[in-house]
Asker: 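Below is a structure I'd like to ask you about.
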Amino acid sequence: MPLHEPSPYEILGIPLTAGVREINLAVGPAIKAARHTRQQIQEAAALLRNPDRRLELDLQQPLPPEPVDRAAELLAPALAEPLLTIDRPPLPPASALLALHRGELAADFVELTPPAADPEPPVPARYAADLSVLPQIEVPD
């Protein structure tokens, strides 16, 4: 299974600027090369011959980036220096780490004293629940 679906340009082996003549001329060699099925080649050619569908395809696929000449020259100053330098202090001796670990364990298992039980604040009388909040119910006799 391919990682990506080849574009019609890749199927026919033509550049993005190819005209109808180049598309028609590319069909025969593409079929002979047998890298794709005849149906894929014919569908790719039909899509690229239709100007509306080709425009839609071209708008959906971004143009490949232009090659950069002198890339090595442009990147040389940045590549001359190390990309990341980390200055780490030396590790403490193992006994210090063990003492730190024991201190953390002791803190994890310390018994917490329960907080002082504060009674709930009183509810003001105007917000207290009484029978006035219930709907009126008629009791049959």
Side-chain angles (χ1 to χ4, degrees), residues 1-140:
M1 183 172 173
L3 293 177
H4 75 287
E5 190 71 28
S7 73
Y9 297 104
E10 293 171 345
I11 292 173
L12 295 175
I14 58 174
L16 297 174
T17 57
V20 175
R21 187 177 195 302
E22 290 90 353
I23 294 168
N24 292 335
L25 291 175
V27 171
I31 291 174
K32 288 179 185 170
R35 284 184 293 236
H36 302 282
T37 64
R38 180 181 293 267
Q39 181 182 1
Q40 285 178 316
I41 295 169
Q42 290 174 346
E43 287 175 357
L47 187 144
L48 294 177
R49 285 184 195 123
N50 184 334
D52 295 333
R53 291 179 59 203
R54 183 174 180 174
L55 178 62
E56 184 180 333
L57 172 74
D58 290 343
L59 291 175
Q60 289 175 355
Q61 293 181 349
L63 293 174
E66 294 291 326
V68 177
D69 296 334
R70 304 179 321 123
E73 294 173 23
L74 294 172
L75 293 175
L79 296 176
E81 300 174 13
L83 296 177
L84 180 63
T85 56
I86 300 174
D87 296 329
R88 292 186 176 145
L91 289 175
S95 60
L97 292 175
L98 185 62
L100 178 66
H101 183 66
R102 284 186 182 151
E104 288 176 349
L105 281 175
D108 286 343
F109 291 102
V110 69
E111 290 287 329
L112 296 176
T113 58
D118 290 334
E120 295 210 10
V123 177
R126 64 180 173 173
Y127 297 118
D130 59 2
L131 294 179
S132 65
V133 296
L134 297 176
Q136 295 293 326
I137 300 174
E138 294 183 20
V139 180

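Only heavy atoms go into these numbers, but all of them, side chains included; no hydrogens, no water, no symmetry mates.
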Asker: Is a side-chain donor or acceptor of Glu10 paired with a backbone partner of Ser7 at a separation under 3.5 angstrom?
Answerer: yes

Asker: Of the non-hydrogen atoms in Leu47 and Pro8, which two are nearest, and what is the gap between them?
Answerer: CD2-CG, 4.1 Å

Asker: To the nearest 0.5 Å, what is the distance between OH (Tyr9) and OG1 (Thr17)?
Answerer: 9.0 Å

Asker: Look up atom CD in Glu43 and atom OG1 in Thr37, then write down how far apart they are to the nearest 0.5 Å.
Answerer: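 Result: 7.5 Å between the selected atoms.
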
Asker: Mark yes or no for whether Gln42, through its side chain, and Gln39, through its backbone, hold a donor-acceptor pair below 3.5 Å.
Answerer: no

Asker: Between Pro6 and His36, which heavy-atom pair has the shortest distance, and what is it?
Answerer: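 Answer, listing the atom of Pro6 first, then His36: CG-CE1, 3.8 Å.
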
Asker: Considering all heavy atoms of both residues, which atom of Ile14 and which atom of Glu22 are nearest to each other, and what is their separation?
Answerer: CG2-O, 4.2 Å

Asker: Would you name the heavy atoms of Arg49 and Val20 that are closest together and state the gap between them?
Answerer: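 Closest approach of Arg49 to Val20: CG-CG1, 4.5 Å.
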
Asker: At their closest point, which heavy atom of Ala26 faces which heavy atom of Pro29, and how far apart are they?
Answerer: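 Nearest heavy atoms, Ala26 then Pro29: O-CD, 3.5 Å.
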
Asker: Using 0.5 Å steps for rounding, measure from the CG atom of Leu12 to the CG atom of Asn24.
Answerer: 9.5 Å

Asker: Taking atom CZ of Arg35 as the centre, does the number of heavy atoms from other residues, nucleotides or ligands within less than 6.0 Å exceed 12?
Answerer: no

Asker: Find out whether Leu48 and Leu57 are in side-chain contact, i.e. whether some heavy atom of one side chain is under 4.5 Å from a heavy atom of the other.
Answerer: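 Of all side-chain heavy-atom pairs linking Leu57 with Leu48, at least one is under 4.5 Å.
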
